[in-house]
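Written below as structure tokens is the structure these notes are about.
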Amino acid sequence: MAKNKKPQKVKARLIRGFNDRSSSDIRATDEMMDKIRSVFELYGFDPIETPFLEYTDALGKFLPDSDRPNEGVFSLQDEDEQWLSMRYDLTAPLARHVAQNFNQINMPYRTFRSGWVFRNEKPGPGRFRQFMQFDADIVGAPSVSADAEMCMMMADTMEALGIKRGDYVIRVNNRKVLDGVLQAIGVTEEGQKLSVLRAIDKLDKFGVEGVRLLLGEGRKDESGDFTKGAGLDRAQCSAVLKVVGSGAIPKLKEVLDQVTLDTGGVPDEWGGMGHLLYDDAVFEITEELEPLLNSAGYSDRIKIDPSCVRGLEYYTGMVYEAELLFDVTNEKGDNVVFGSVGGGGRYDGLIKRFTGQAVPATGFSIGVSRLMSALKNLNRLDENAMPAPVVVCVMDKSRISEYQKMVGELRSAGIRAEMYQGNPKNFGKQLQYADRRNSPAAIIDGSDEFEKEIIQIKDLVAGKQASKNIKDNETWKEQRPGQFECKRDDLVEKISALPAIKAWLNSNG
RNA sequence: GCCGCCUUAGCUCAGUUGGUUAGAGCGCUAGAAUGUGGAUCUAGAGGUCCCCCGUUCAAUUCGGGGAGGCGGUACCA
């Protein structure tokens, strides 16, 4: 036997961007999900679930000019060599589901779903490679009123999650505003268009001057890294910046009219005055969206903002985004750039990829993991109210069936309970275990108690409170703070009366 | 991907201008106290000083490369 060869140990480690979740994280997330779900259900949405894996082509994520999937998605090949990918959002799978069940679905289809999604990219604060999203969509609804309803539901959801009015804002814009402006100033190349959208998306991060650089030549960040710009000339830059910075509607309209004057608009094929996309957008905003928001009383939380663009190509009309207005800090107390916690928009072309037939749809997604980490950093999560189990101590091994019976009685009454499953030899250990577990109570039923036909209940919460004033161990032992005896048959009644347990039983029916 | 900072005990972190035995606090284990959780006291366990290569009589410390973490930036469906 080789004695100095240690067996190679496997290193216990997590893949970066992937996290274990603690009990309190899970309970907090579940609670958030419940709140979101009830808002969505109230609005008349029903759940659907799709799998984690889809055919890569269904997600539309093959690299251009290549038969390999995009690097941003986790992918593998099935035995027949077809590419499969883990879903990176819940919208693409929904489009697939709708296309596949098109004839059975009753449109307009109001649906929601939640689940883990996966992105193979660098994690950051509040950004993970596996994270939870909660989506809602209306499929087969072409009008702005559907977009308006999504915005209102987003606002209601934020408030249901305990984020107060004024601590968040829903920013709305219409893609056609910028599409129209780009058309008017002569930006037609797709790549350049995307660069412009991305630059504008950075407005809150870098400010107007930063965006100006990104629209033009490019920008060097603090670390010295250079980002290539969209390559617009001075006039194009200033047109875009004026539109984006115009704020609300009257001013936006003014600025857009100026753009039309400056550029002469977009001539139609006969050389006459063309139809201007941004005029459609303004009409949709002022004549359709705003009246709905105003009459429903949402105009203080849902703001028109021409700088809200969202990075995606597939949006075709209204886009919206939920943003937190308070500062988010990390464990060290540093301010962290957090960005939006949810967003969405109208995607009239997504389902057409499968059916060939245009199906208008609008929807949004809440980044549950991200929102949760923001609220966690701020200690804004509800305290976990669920009490730890009552611990029944094992005093006499020959009577464990009696102890187990007590546990059963407590459980039948809806009280979490367990019999101590460690080595029962040292009684102090059992109480220490219950204490460290934060148990509200421990039950003691040894030979003394058995003879007297009683049990002892140790109220560990009361004892913990009392211990603050007891400095020496002798008094502590003599007083046995929080401990009282009762008849064996009164077990459930007495335990139920303990404040921590009573409160929990009341709040949980 | 690029830039910056970081990596020493289970956790938070000292420290070594290159030297023999690398420390603290908290936590953990045991005892004081064998039927009583806390507090206190005593003792103990726990380390590849992230990894590899190089320089050196000697590297946890210096140099190069790599990995991991944090933050920024790019990408973000």
Side-chain angles (χ1 to χ4, degrees), chain A residues 6 9 11-17 56 59-62 69-73 85-93 95 117-125 127 129 133 194-195 197-198 201-202 205-206 210 214 218-228 310-315 330-332 334-337 339-340 343 347 350 365 367 391 393-396 420 424-439 441-449 456 458-483:
Chain A
K6 282 188 192 166
K9 279 181 283 187
K11 196 167 182 186
R13 55 191 183 148
L14 279 168
I15 303 168
R16 83 161 151 187
T56 303
L59 300 179
K61 276 297 148 186
F62 277 107
N70 187 300
E71 291 139 8
V73 298
S85 293
M86 304 201 75
R87 62 186 182 192
Y88 53 80
D89 72 7
L90 299 175
T91 310
V117 302
F118 304 84
R119 294 188 187 179
N120 190 6
E121 51 187 44
K122 202 197 118 179
R127 304 189 58 145
R129 295 211 287 176
Q133 282 196 335
L194 262 176
S195 300
L197 292 181
R198 285 181 194 139
D201 209 26
K202 303 271 179 316
K205 246 185 193 174
F206 302 143
L214 283 173
R219 175 179 180 274
K220 192 184 256 188
D221 67 45
E222 307 85 65
S223 64
D225 197 25
F226 184 76
T227 310
K228 197 167 177 293
R310 313 270 319 146
L312 323 187
E313 299 119 289
Y314 66 60
Y315 290 126
N330 63 14
E331 330 52 83
K332 290 175 191 157
D334 303 327
N335 244 319
V336 160
V337 179
S340 76
Y347 51 96
L350 211 53
S365 169
V391 173
C393 297
V394 176
M395 307 299 292
D396 178 353
Y420 183 71
K425 228 171 98 183
N426 186 343
F427 174 45
K429 275 278 157 54
Q430 303 192 40
L431 290 175
Q432 190 182 60
Y433 167 81
D435 186 52
R436 287 182 184 174
R437 204 156 170 9
N438 256 317
S439 291
I443 311 294
I444 305 166
D445 179 19
S447 50
D448 299 353
E449 288 79 9
Q456 308 251 15
K458 212 170 178 55
D459 179 344
L460 296 170
V461 180
K464 199 168 287 177
Q465 191 59 34
S467 81
K468 287 178 186 159
N469 300 316
I470 303 175
K471 287 286 165 268
D472 70 296
N473 190 250
E474 290 206 355
T475 331
W476 167 257
K477 285 206 168 172
E478 272 167 25
Q479 284 192 3
R480 293 188 174 170
Q483 187 168 330

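Order of the sequence lines sets the chain letters (A, B, ...), proteins ahead of strands, with each chain counted from 1.
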Determine yes or no for a side-chain-to-main-chain donor-acceptor pair under 3.5 angstrom, with A/Arg16 supplying the side chain and A/Pro123 the backbone.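 Side chain of A/Arg16 to backbone of A/Pro123, a donor-acceptor pair under 3.5 Å: no, none is there.
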May I ask you to decide if A/Arg480's main-chain N or O and A/Gln483's side chain share a donor-acceptor pair within less than 3.5 Å?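 A pair under 3.5 Å: no.
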I'd like to compare against my own output: the B/S/- annotation of nucleotides 29-35 of chain B with a strict under-4.0 Å heavy-atom distance to protein. SS--B-B
Quick one: the side chain of A/Arg127 and the base of B/C76, do they pair up donor-acceptor inside 3.5 Å?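 Yes, the side chain and the base share a sub-3.5 Å donor-acceptor pair.
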Can you sort out the partners of A/Asn426 under side chain to side chain donor-acceptor pair (under 3.5 Å), two or more places apart, ordered by chain and number?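 Applying side chain to side chain donor-acceptor pair (under 3.5 Å) to A/Asn426 gives none.
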Is there a side-chain contact between A/Trp476 and the phosphate of B/U36, meaning an N or O under 4.0 Å from OP1 or OP2?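 For A/Trp476, the contact criterion (side-chain N or O under 4.0 Å from OP1 or OP2 of B/U36) is not met.
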Distance check: side-chain N/O of A/Arg16 vs OP1/OP2 of B/G69, anything under 4.0 Å?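 A/Arg16 to B/G69 OP1/OP2: side-chain N or O found under 4.0 Å.
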Counting side-chain heavy atoms from CB outward, which of B/A74, B/G72, B/C76 is closest to A/Thr227?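 Within the option list, the nearest is B/A74.
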Rounded distance in Å - NZ (A/Lys205) to C1' (B/C76):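 In whole Å, B/C76 C1' lies 11 Å from A/Lys205 NZ.
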What residues, two or more places apart in sequence or in another chain, satisfy side-chain contact (heavy atoms from CB on, under 4.5 Å) together with A/Asp472?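 Testing A/Asp472 for side-chain contact (heavy atoms from CB on, under 4.5 Å), a comparison that skips the adjacent residues, returns A/Glu474, A/Thr475.
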With sequence neighbours left out, which residue pairs that include part of residues 426-436 of chain A fulfil the salt bridge (Lys or Arg N to Asp or Glu O under 4.0 Å) condition?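 Passing the test, one end in residues 426-436 of chain A: A/Asp435-A/Lys464.
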Of all the heavy-atom pairs spanning A/Ala441 and A/Leu460, show the shortest one and how long it is.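 So the minimum-distance heavy-atom pair works out to C-CD1, 3.9 Å.
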A/Glu121: partners by salt bridge (charged side-chain N to carboxylate O under 4.0 Å, His left out), with sequence neighbours left out: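 Only A/Arg127 meet the salt bridge (charged side-chain N to carboxylate O under 4.0 Å, His left out) criterion with A/Glu121.
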Could you write out RNA chain B as a dot-bracket string, with dots for unpaired bases, | for bases paired across to another strand, and Watson-Crick or G-U pairs counted at under 3.5 Å? (((((((..((((.....[...)))).(((((.......))))).....(((((..]....))))))))))))....
